[in-house]
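Scroll down for the structure; my scribbles are underneath it.
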Amino acid sequence: MKKEEILALFQEYEQVACEVNQVECWSARDLQKLLGYSLWQNFTKVIAKAKEACENVGQNLLDHFIDVNKMVELGSGAFRSLNRNFEIHNKTVFDMRYLFLLLTGLVLAVKTWAQSANYDESLVGSYVLPDALTTLDGQKVTDSKIWEKVRRPEIMSMLANVEYGNLPQTPVKTTWRTVEESDNALGGKALRRQVEFTFSGNGVSRKMMVLMYMPRGVRKAPVFISPNFRGNQSTTDDEAVIASQYSEYSRSNQKSRWPFEKIIASGYAVATFHYFDIYYDKRDSMSKSILPVFGVSDAAGLSPSTGKAISAWAWACSRVLDYVLTLKNIDKRRCIVMGHSRLGKTALWAGALDKRFAMVVSNNSGCCGAALSRRNYGETVGRITKAFPWWFCDAFCAYADRPEELPFDQHELLAMIAPRLVYVASAQEDRWADPRGEFLALKESSKVYALYGKETMGDEEFPEVNKLLWRGQMGYHIRSGGHDVTDFDWDAYMRFADEKLK
Ligand code: GCU
């Protein structure tokens with residue numbers, strides 16, 4: 001953006017300033033127009049990003065943003081509802097300029113970013129996938145024995161060393177403490193238990209709180225282990241649920257993604273934890289993550305193949321599994337790891353690493369989850385490694401602009417789960433996650449499932465929206481709607497497990 005354009009925008013920006021309680025403010029509605037957004041709904045996303053950026057640079061959000069629907073006290077003692085508007089305060093000229101530039105920069109960056117992603121199937125181009133069934137020295141894998149002995153370990157080691165990274169092999173002491181429990185939760189249908197995990201090593205310790213609901217009266221329940229985005233309290237309106245340490249989200253804020261009543265009524269147990277407990281999902285957060293427990297406190301302690309956030313979250317899923325396997329009312333043979341989006345990538349990696357998971361569910365996991373990296377559609381390796389470098393090991397970033405040279409592709413991650421149950425789910429409007437790329441990866445992983453004599457997706461066409469496509473150990477659907485976890489998804493996973501997980 002040219003200097004003159006910035007100055008012109010800056011003047012317009014000053015013109016729309018107003019004053020509330022002697023504090024200079026900007027109405028988000030005015031900013032919306034100024035920055036060229038016709039839809040309020042779209043602008044709220046920009047504001048959310050600005051808030052995030054503000055937090056990332058250590059600014060106090062309350063100094064700058066007064067939130068939606070709050071009644072703001074005016075000088076006279078009267079109150080005025082700001083309705084859907086909220087205001088950006090400035091205390092100093094520096095703050096104002098800073099926020100202004102932040103917003104302008106963000107708008108431009110987000111626009112350029114979104115516009116330059118490819119959403120045109122005819123522009124995807126051709127690509128050649130690495131053959132899951134050819135070993136590094138060129139041998140053909142013809143049966144499940146060679147697969148397990150030679151090829152699977154080869155691929156595991158590439159995924160670990162080049163994409164998600166390894167966590168150091170240092171001993172971590174884990175202890176569990178039941179902090180709260182009730183045998184009368186969810187209207188008397190469930191047992192609730194909240195268990196604090198303490199992980200210690202290298203002179204430091206970290207805590208993670210696991211929230212479990214288990215169906216009452218079920219002798220051996222299957223269980224979904226699934227991390228949550230916004231804190232345990234955000235998953236439910238159950239007042240007894242303890243708020244997660246790193247979350248400020250309100251109770252039941254993301255409840256729609258966690259239909260506990262339905263899960264319990266279907267005879268399933270569920271165990272969830274806030275993923276921030278393990279790795280605070282922001283740039284430069286390594287020191288407060290679990291990594292120091294493994295002896296890695298900063299970038300200097302990393303090797304190119306040291307795992308970071310995704311590996312840490314996946315590791316935590318296995319620690320929850322360790323615990324769950326000690327419970328008498330849980331069926332050890334029916335433990336499922338499930339995750340959405342970045343946590344869907346995590347669930348796949350956890351399922352690849354830990355064969356005790358009998359079923360693995362990827363909900364809209366997209367790039368570096370179920371979607372093929374070689375397909376230039378939606379999010380790409382270049383974009384993800386620039387935006388979220390702390391999710392992967394450093395070696396992966398070297399492939400940012402040359403995914404075609406990766407020694408693997410994501411169908412091989414899915415193949416790591418064979419012959420166990422795998423379910424990949426996409427959403428029609430979630431083009432960023434490349435639904436077709438997710439399906440094609442699953443289809444390609446069929447070759448490995450076939451080694452076990454299982455029915456596969458090998459000959460299937462991309463299914464119609466909202467049709468469940470289940471073949472042998474593999475499940476897929478693309479539902480209508482956007483990037484989310486819905487009842488449709490949960491119903492599909494539970495029905496699939498009812499039928500296949502015996
Ligand atoms: C971003 C990111 C995706 C990720 C998603 C999520 O959109 O680019 O890779 O899956 O966040 O976790 O919600």
Side-chain angles (χ1 to χ4, degrees), residues 42 44-46 48-49 51-53 56 106 109-119 163-164 226-231 234-235 247 249 253-254 256-258 272-276 278-283 285 308-314 316-317 337-350 360-373 375-393 396-397 399-400 403 409-410 413-414 424-438 441 478 481-486 489:
N42 291 343
T44 56
K45 291 180 194 151
V46 177
K49 286 272 179 205
K51 283 179 158 183
E52 202 181 308
N56 282 347
L106 260 162
V110 169
K111 279 188 174 168
T112 330
W113 190 254
Q115 275 158 11
S116 62
N118 175 45
Y119 292 120
E163 188 168 14
Y164 306 108
S226 183
N228 66 70
F229 276 85
R230 296 195 169 173
S234 75
T235 63
S247 164
Y249 283 101
N253 175 286
Q254 220 164 37
S256 66
R257 288 189 180 177
W258 300 93
T272 185
F273 61 94
H274 184 214
Y275 78 135
F276 272 37
I278 296 299
Y279 202 116
Y280 196 93
D281 191 12
K282 295 268 150 75
R283 202 176 282 276
S285 297
K308 288 184 260 169
I310 291 184
S311 273
W313 298 324
C317 291
V337 62
M338 183 264 191
H340 168 63
S341 206
R342 66 199 69 183
L343 297 175
K345 311 180 207 300
T346 299
L348 289 171
W349 185 225
V360 182
V361 181
S362 144
N363 193 91
N364 308 176
S365 64
C367 184
C368 299
L372 292 172
S373 300
R375 258 176 64 87
N376 173 26
Y377 190 100
E379 188 172 28
T380 57
V381 174
R383 286 156 175 276
I384 204 168
T385 49
K386 278 180 196 100
F388 305 103
W390 65 94
W391 290 357
F392 309 97
C393 67
F396 193 51
C397 298
Y399 291 89
D409 209 312
Q410 297 305 112
L413 172 65
L414 298 174
V424 172
S426 314
Q428 192 180 21
E429 288 161 25
D430 187 15
R431 298 185 306 162
W432 183 242
D434 187 12
R436 188 177 290 272
E438 296 190 310
I478 171 165
H483 189 66
D484 201 358
V485 193
T486 67
D489 299 313

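All values derive from a computational prediction rather than experimental measurement. Just follow the structure's listing: the first ligand is 1, and inside any ligand the first atom is 1.
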Just list the N/O pairs, ligand 1 to protein, that are under 3.5 Å apart, with the distance for each.
unit_1   : atom_1 : unit_2 : atom_2 : d
ligand 1 : 7 (O)  : Trp432 : NE1    : 3.1
ligand 1 : 8 (O)  : Glu379 : OE1    : 3.1
ligand 1 : 8 (O)  : Glu379 : OE2    : 2.5
ligand 1 : 8 (O)  : Trp432 : NE1    : 3.0
ligand 1 : 9 (O)  : Lys345 : NZ     : 2.9
ligand 1 : 9 (O)  : Glu379 : OE1    : 2.6
ligand 1 : 9 (O)  : Glu379 : OE2    : 3.3
ligand 1 : 10 (O) : Ser341 : OG     : 2.6
ligand 1 : 10 (O) : Arg342 : N      : 3.4
ligand 1 : 10 (O) : Lys345 : NZ     : 3.1
ligand 1 : 11 (O) : Arg342 : NH2    : 2.9
ligand 1 : 12 (O) : Ser341 : OG     : 2.7
ligand 1 : 12 (O) : Arg342 : N      : 2.9
ligand 1 : 12 (O) : Arg342 : NE     : 2.5
ligand 1 : 12 (O) : Arg342 : NH2    : 3.3
ligand 1 : 13 (O) : Ser341 : OG     : 2.7
ligand 1 : 13 (O) : His483 : NE2    : 3.2

Sort out for me which residue in Asp281, Thr346, Ile310 forms a side chain to side chain contact (heavy atoms under 4.5 Å, CB included) with Tyr275. Asp281

What orientation do Phe388 and Trp390 show, parallel under 30°, tilted 30 to 60°, or perpendicular over 60°? perpendicular

Report yes if the side chains of Asp484 and Arg257 come closer than 4.5 Å at any heavy-atom pair, otherwise no. yes

Are side-chain heavy atoms of Tyr399 and Glu163 found at a separation under 4.5 Å? no

Looking only at atom types and distance, does a side-chain atom of Ser362 sit under 3.5 Å from a main-chain N or O of Val424, one as donor and one as acceptor? no

Give a yes or no answer on whether the side chain of Thr385 reaches the backbone of Val381 with a donor-acceptor pair at less than 3.5 Å. yes

